[in-house]
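Accompanying notes for the structure given below.
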2 protein chains.
Amino acid sequence: MMIERRHRLLGPAYRLFYDEPFHPVRGAGVWLYDAAGTAYLDAYNNVASVGHCHPRVVAALAAQSARLNTHTRYLDDTVLDYAERLLATLPDALQTMMFTCTGSEANDLALRIARMVTGGAGFVVTENAYHGVTSALAEMSPSLGLPLGAHVRSIAAPGKSAEFASDLQAAIDDLSAAGIRFAGFLCDSIFASDGIFSDPVGLLQSAIETTHRNGGLYIADEVQSGFGRTGSHMWGFARHGVVPDMVSMGKPMGDGHPLAGLAMRPDLSARFGAETRYFNTFGGNPVSSAVGIAVLDVMADEELQQNAAEVGAYLKAGLQSLAGQHETITDIRGAGLYLGVELRDGAAAVVNQMRAKRVLLSAAGPQGNVLKIRPPLVFSRENADQLLSVLDECLGG
Amino acid sequence: MMIERRHRLLGPAYRLFYDEPFHPVRGAGVWLYDAAGTAYLDAYNNVASVGHCHPRVVAALAAQSARLNTHTRYLDDTVLDYAERLLATLPDALQTMMFTCTGSEANDLALRIARMVTGGAGFVVTENAYHGVTSALAEMSPSLGLPLGAHVRSIAAPGKSAEFASDLQAAIDDLSAAGIRFAGFLCDSIFASDGIFSDPVGLLQSAIETTHRNGGLYIADEVQSGFGRTGSHMWGFARHGVVPDMVSMGKPMGDGHPLAGLAMRPDLSARFGAETRYFNTFGGNPVSSAVGIAVLDVMADEELQQNAAEVGAYLKAGLQSLAGQHETITDIRGAGLYLGVELRDGAAAVVNQMRAKRVLLSAAGPQGNVLKIRPPLVFSRENADQLLSVLDECLGG
């Protein structure tokens, strides 16, 4: 009845997780609770990155909301302090920070800047990429199943091809043959919807060189891989030792508050600002900025990047051990607390069984056969043990 | 020094209001305060529609943020209750509500749906329209000063042309002559950036008939005119007695919280949902939905639409009286608390003088010669008197 009401009010484009949809009513840390008070271990929601309803983030949100909420056409310290904090985590070459409300808006802004600066219109993405819901991004997000734009080419994710850079060159050449100038390569640094490909470290280096050699801009989509999730680094691209031209960020940035942004080289923002003005009504407002600062403070004080590294390594080792006992596991991939478990026989059944046993995760990859594990970064070894134990049960004996 | 820091961190695309930029540190109701505690009368910020930092909205935000903040892939009552509340204010034909974080995202989604349903790519907008910052909307927003898309035509706002519908037909014919099928007319119901054109009541009727006769969809952009601002009606289009195919909404919806949405006919959402899925990470989350409901509650309990009608009429009469004393005023337009004062000699000097006298407003129109007055809806007669008195001084004797 609630599902019928939902279908009637929101329409059929909205999809629910699980054969038996989940209805949480409360969240705290790594836990989501249903109306009966039953706790579910959340091993999926990277948005609540510092934990569901973190009290310090909620307090910052409430305090700034009661004090002032305006926009970037007035002077405000909060947004500048936040920009400075973010830029300090990024390579020195990236010196400008622009703010949006969603990762879609951040990636879309990157496209606008790349087109303006390069004079090109052609973009390359990976073959099951997801980069956002705007008109421009939907036709660059093959995972949505819609036709790609005529100016878009896709290449295999690197895990499936030793020849990532040569595939990229071939795609650029194909654009060129169609009379379309190359503008840039938009790339999720952990290839989340492609099925999670994290290794070998350094795999992005030849791609960024190829991008630059062909006059394009390299846009690192860090919506999935950013904010300490990969454990060893604050940003997914940094793990591969590269310096992108633009870096988009989103989901975990506000622990659930709608907050996203785009960092870039100052020559790119200078060129964009010379051609047009930018105003995002809610982007970079004092409340969103205060929330973003609180998230960074919590990450530092609770050492969450380090926790992602430690618990992530522990969990990955446990998954590798399970792989030795269950032939259906064909690969374990990922870094920190972004892990993928590739299954021979599809992942949907396992995902639903785990939900029934009160562990929440989902699936990724073009065949949906990769368990996607990306819990809040406060995930503990004990939480990892619970996940491993339930997964062991669900994979059968 | 703060301006230099801002330029360095955010880049030159961000612009500030006023020759002497304003730096608020606190807001309450219709007031913004600087660090010295000086109160400024806010006659401009329609985002803080029920007043800056409204305690009931802040309380709803804080309470739901502490309880649960997830997304639309889980079941949740809050988003359904909110959708139902919004749809109850809209024409019966509009039965589906989709949620985004910004008006840009809502308008961009409308474009995607219109293209999919009509099979066309051509859109018509007004000649100084602003509809958003995405790639697709920037090339449909002439006020940004960038080249329009090849599939976009613009027509004069109705205040400047008795022949609004015939201009629209000519634009559609021009698209057709270029081999571009018409997809829709995207129209701000109060023509805010065009210079605020509200009368005569009914002026949209021939435009919507023309749109439908040519197989297009009529998209009402209610980001400016929605949520009771025009006083007599909840929605700007309703004042003109028309029923759009889609209605986008944004700015005032969350009193500053990033919240926006798109209402539509159910056959449109059915078609869209049959072709693709839609997921907006933050759009329609429980916190945003609780905030949206609180805004609707405050509007009802404080009778803010009625206040917009009453104080708006009082303020408009006062402005008309000033027009009799100051020849520089060439026209008074608008409805409710969305008013435009057209000046012979440009509005920038007056805007800056009023800021110096602690009344905040801005300018609109292709020549920037229309004072744009759109205060929080809690604006009182006393506030109106203050605005009129300061404007009288600034227009000189």
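Below, chain A is the first sequence line, B the second, and so on; all start at residue 1. Just the heavy atoms: all of them, side chains too, but no hydrogens, waters or symmetry mates, feed the values below.
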Closest non-hydrogen contact found for B/Asn285 with A/Gly256 is ND2-O, 4.3 Å
Just how far is it from atom NE2 of A/His52 to atom OG1 of B/Thr70, taken to the nearest 0.5 Å? 7.5 Å
With side-chain contact (heavy atoms from CB on, under 4.5 Å) as the test, would you mind laying out the steps for A/Lys251 and B/Thr281 before giving the verdict? CA-CA 7 Å; A/Lys251 294 189 193 296; B/Thr281 300; 2.4 Å; yes
Are B/Arg5 and A/Asp81 ion-paired here, with the side-chain N under 4.0 Å from a carboxylate O? yes
Are A/Arg277 and B/Leu144 close enough that some pair of their side-chain heavy atoms sits under 4.5 Å apart? yes
What part of B/Ser143 gets closer than 4.5 Å to chain A, counting heavy atoms only: side chain, backbone, both or neither? both
Does any non-hydrogen side-chain atom of B/Leu87 lie less than 4.5 Å from one of A/Leu9? yes
We want to know whether B/Asp108 and A/Ser135 form a side-chain donor-acceptor pair, criterion being a heavy-atom distance below 3.5 angstrom. yes
Nearest non-hydrogen partners of A/Tyr44 and B/Tyr74, listed with the distance: CD2-OH, 4.3 Å
Distance-only polar pair, side chains of A/Tyr14 and B/Asn280, donor-acceptor under 3.5 Å: no
Just wondering, do A/Arg6 and B/Leu80 contact through their side chains at under 4.5 Å, heavy atoms? yes
Heavy-atom proximity to chain B below 4.5 Å, by part of A/Tyr130: side chain
Which region of A/Phe99, side chain (C-beta onward) or backbone (N, CA, C, O), has a non-hydrogen atom less than 4.5 Å from a non-hydrogen atom of chain B, or is it both or neither? both
Could you look at A/Ala48 and say if it's the side chain, the backbone, both or neither that has a heavy atom under 4.5 Å from chain B? neither
Taking every non-hydrogen pair under 4.5 Å, which of A/Gly250, A/Ser269, A/Pro24, A/Ser104 racks up the most with chain B? A/Pro24
Of all the heavy-atom pairs spanning B/Cys101 and A/Pro258, show the shortest one and how long it is. SG-CB, 4.0 Å
Using a cut-off of under 4.5 Å for heavy-atom pairs, which of B/Ala260, B/Gly11, B/Ser65, B/Pro55 has the most such pairs with chain A? B/Ser65
Measure across B/Ala62 and A/Ala62 and return the closest heavy-atom pair with its distance rounded to 0.1 Å. CB-CB, 3.8 Å
Side chains of B/Asn45 and A/His71, donor plus acceptor under 3.5 Å: yes
Minimal heavy-atom distance between B/Phe282 and A/Leu259, with the atoms involved, is CE1-N, 3.8 Å
Below 4.5 Å from any heavy atom of chain B, which atoms of A/Arg115 appear? Answer side chain, backbone, both or neither. side chain
Does the side chain of A/Glu105 pick up a donor-acceptor pair with the side chain of B/Thr102 at under 3.5 Å? yes
Compare every heavy atom of A/Ala83 with every heavy atom of B/Leu10, then report the nearest pair and how far apart it is. CD2-CB, 4.0 Å
Less than 4.5 Å to any heavy atom of chain B: does that hold for the side chain of A/Gln95, its backbone, both, or neither? backbone
For chain A, find which of B/Ala59, B/Ala270, B/Gly145 contributes the most heavy-atom pairs closer than 4.5 angstrom. B/Ala270
Under 4.5 Å from any heavy atom of chain B - which part of A/Val133: both
Applying side-chain hydrogen bond (donor to acceptor under 3.5 Å, both in side chains), can you list everything that pairs with B/Asp255, at least two apart in sequence or on another chain? none
Per-residue contact mode, A/Val25 against chain B (heavy atom under 4.5 angstrom): backbone
Quick one: do B/Leu146 and A/Arg112 satisfy side-chain contact (heavy atoms from CB on, under 4.5 Å)? Show the steps, please. CA-CA 11 Å; B/Leu146 295 166; A/Arg112 287 184 64 194; 3.4 Å; yes
Counting heavy-atom pairs under 4.5 Å with chain A, the top scorer among B/Met264, B/Arg8, B/Glu275 is B/Arg8
Heavy-atom cut-off 4.5 Å, strictly under: side chain, backbone, both or neither for A/Pro266 against chain B? neither
Select one option (side chain, backbone, both, neither) describing which atoms of A/Met116 are under 4.5 Å from chain B's heavy atoms. side chain
Nearest-0.5 Å distance, CE of residue A/Met2 to CG of residue B/Leu75: 5.0 Å
Spatial distance of atom CG (A/Leu32) from atom CG (B/Leu68) [nearest 0.5 Å]: 6.5 Å
Just checking B/Glu4: does its CD atom have more than 12 heavy atoms from other residues, nucleotides or ligands closer to it than 6.0 angstrom? yes
So how far is it from B/His23 NE2 to A/Asp77 CG, rounded to the nearest 0.5 Å? 4.5 Å
